[in-house]
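Take a look at the structure set out below.
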Protein chains: 2
Amino acid sequence: MPQTHPLNQEISLSVIKTACSNCNLRELCLPYGLSLEELERLDDLVSTRRRIKRGDHLYRAGEVFDAIYAIRSGFFKTDVLLEDGRDQVTGFQMAGELLGLDGISTEHHTCNAIALEDSEICAIPFSRLEVLSREIHTLQHHFHKVMSREIVRDHGVMMLLGTMRAEERLAAFLLNLSQRFTARGFSHAEFYLRMTREEIGSYLGLKLETVSRAFSRFQEEGHIAVQQKHIRILNVNGLKALMNHRAA
Amino acid sequence: MPQTHPLNQEISLSVIKTACSNCNLRELCLPYGLSLEELERLDDLVSTRRRIKRGDHLYRAGEVFDAIYAIRSGFFKTDVLLEDGRDQVTGFQMAGELLGLDGISTEHHTCNAIALEDSEICAIPFSRLEVLSREIHTLQHHFHKVMSREIVRDHGVMMLLGTMRAEERLAAFLLNLSQRFTARGFSHAEFYLRMTREEIGSYLGLKLETVSRAFSRFQEEGHIAVQQKHIRILNVNGLKALMNHRAA
DNA sequence: GTGTTCGCTTGATCCAAGTCAACCATAAAT
DNA sequence: ATTTATGGTTGACTTGGATCAAGCGAACAC
């Protein structure tokens with residue numbers, strides 16, 4: 001008779017939900033490739049789940065680092081601040097992706113992580129992750145891969161910022177989002193942007209007006225349909241063509 | 001009577017030189033923080049040393065990844081290539097720094113590593129490094145820090161490319177080089193650039209002409225003295241001031 | 001409802017860096 | 001010693017994206 005004990009039910013549900021072993025993101029997230037038995041050991045470690053409301057910080061630059069975070073649901077941005085007040089968005093993160101890897105280096109976070117919609121995260125105490133990954137080879141190797149993937153991603157962004165024109169950057173950005181939504185089982189052709197034009201611009205090294213103009217231009221040329229934050233991709237190949245446009 | 005056996009002498013010297021335990025870079029490189037006994041175990045692993053001549057590749061994008069490389073002496077650049085021929089330098093690496101971390105992700109290298117002067121590297125077979133870092137906590141943790149530091153560095157470059165003007169970028173670049181030379185016991189105020197203006201420009205998202213003009217301007221303003229690749233920093237604070245110049 | 005705020009779009013103008021081009025310096029090749 | 005190649009500097013001009021500015025539409029508060 002669950003109805004008579006709503007609170008207990010809530011708790012047990014939450015305990016079930018928090019386990020990696022039955023998280024539907026396990027193929028994207030840290031548990032990737034682990035056996036059932038290994039998964040259960042990871043479950044012990046990933047005990048704390050936390051809700052972060054839209055606009056709130058998951059962590060701030062300068063805070064002591066002691067855990068990395070897996071996004072269970074929702075959407076985040078990370079940004080870095082320069083002393084003189086300038087800032088830059090360094091990435092957008094969605095379900096199944098890890099946050100906080102930058103903090104390992106100095107044992108302090110070096111950027112801010114802010115929820116762009118109400119989100120849920122799993123905290124993974126880092127020292128315990130190191131212990132466990134000494135015991136589970138697969139986990140160790142996968143964690144190394146995740147860190148390395150982050151480095152490769154960053155190189156992509158450097159390429160984008162260093163060599164691409166405004167429209168190429170935005171095309172690359174949209175294609176990347178589309179691909180990541182697809183990997184999570186959502187439509188590749190239709191999605192809502194969680195971030196503002198200004199945040200997109202900050203990430204792409206452009207001003208919000210330039211981002212807005214590029215959206216308008218893509219729409220005029222029939223590549224996409226834009227209505228506020230709702231994006232429909234009408235011509236993927238058109239967008240891809242925009243990217244390889246100008247040779248060295 | 002060493003003179004009578006020059007070849008043997010050479011070999012034994014080289015064996016001695018190859019050990020992490022008496023490498024003068026151990027405080028900068030992977031061995032950082034290890035005990036003597038742990039160091040000796042790392043020595044077993046880092047058995048292969050290789051010379052790379054100026055202009056030669058240490059590895060190429062697409063090659064299978066199986067080792068990371070510690071720079072023993074010399075200077076490298078890494079670059080990524082886009083399908084359409086555009087390329088970008090993603091970093092410059094000097095003695096004590098690690099190369100190849102990007103390859104862990106896909107088990108293939110994703111960039112090219114090219115020696116900018118005759119160099120020597122130590123190859124560290126990655127699977128053996130994983131084994132050893134399961135056994136030596138300090139090594140495991142330090143390796144994680146090194147990877148994380150690379151991510152933080154990349155964020156810095158993103159900031160540079162996304163929000164800074166040409167002269168700020170070059171000032172940041174020179175200050176960074178100076179600081180890294182200092183950490184290696186060289187002069188902080190005087191050094192030779194190992195890369196061309198074009199390579200600097202590629203790294204900073206600028207054209208070589210812009211880099212050249214910025215050098216000239218710094219010289220006019222008395223911040224540095226430039227003679228080809230020989231740089232003397234005359235006014236560190238002047239350069240630093242250039243960076244924080246314009247607020248958001 | 002009506003005002004207020006925030007995010008977005010669009011136009012007009014400006015400027016930092018790119019492009020094109022000529023020339024110079026150093027080092028290697030003959 | 002002279003040629004050739006490579007890398008660097010400088011000038012004139014162009015341009016893509018920034019800046020400044022006005023106005024619009026959706027969401028929310030009252």
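Proteins come first, then strands; the chains are lettered A, B, ... in the order of their sequence lines, and each starts at number 1.
Summarising the geometry, the separation between CG on A/Leu204 and P on D/dG16 is reported as 19 Å, rounded to the nearest angstrom. In this entry the distance linking CZ of A/Arg217 with P of D/dG17 reads 11 Å, nearest Å. Going from atom NE2 of B/His230 over to atom P of C/dA25 covers 20 Å, rounded to whole Å. In this structure, NZ of A/Lys207 is placed 16 Å from P of C/dC15, rounded to the nearest angstrom. Distance A/Gln219 CD to C/dT9 C1': 11 Å, rounded to the nearest Å. Look at CG on A/Leu193: it is 13 Å from C1' on C/dG7, rounded to the nearest Å. If you take CD of A/Glu199 and C1' of C/dC8, they are 14 Å apart, rounded to a whole angstrom. Look at CD on A/Gln227: it is 13 Å from P on C/dC8, rounded to the nearest Å.
With hydrogens and angles ignored, the 3.5 Å screen pairs no side-chain donor or acceptor of A/Tyr69 with any backbone N or O of A/Leu58. Side chain of A/Asp118 to backbone of A/Arg54: a donor-acceptor contact under 3.5 angstrom is found. With hydrogens and angles ignored, the 3.5 Å screen pairs a side-chain donor or acceptor of A/Ser148 with a backbone N or O of B/Asp102.
Across all strands, B/Gly205 comes closer than 4.0 Å only to sugar-phosphate atoms, never to a base (heavy-atom distances).
A/Gln88 and B/His155 form no side-chain donor-acceptor contact under 3.5 Å, judged by distance and modelled atom types alone.
For A/Glu198, the CD atom is loosely surrounded, since the number of other residues' heavy atoms within 6.0 Å does not exceed 12.
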Atom pairs, N/O to N/O, protein against nucleotides 4-12 of chain D, distance under 3.5 Å?
from   : atom 1 : to       : atom 2 : distance (Å)
D/dG8  : OP2    : B/Arg197 : N      : 2.9
D/dT9  : OP1    : B/Arg197 : NH2    : 3.2
D/dT9  : OP2    : B/Arg197 : NE     : 2.8
D/dT9  : OP2    : B/Ser212 : OG     : 2.8
D/dT9  : O5'    : B/Ser212 : OG     : 3.2
D/dT10 : OP2    : B/Ser216 : OG     : 2.5
D/dG11 : N7     : B/Arg213 : NH1    : 2.9
D/dG11 : O6     : B/Arg213 : NH2    : 3.2

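How far CG of B/Leu204 is from CG of B/Leu161: 7.5 Å, rounded to the nearest 0.5 Å.
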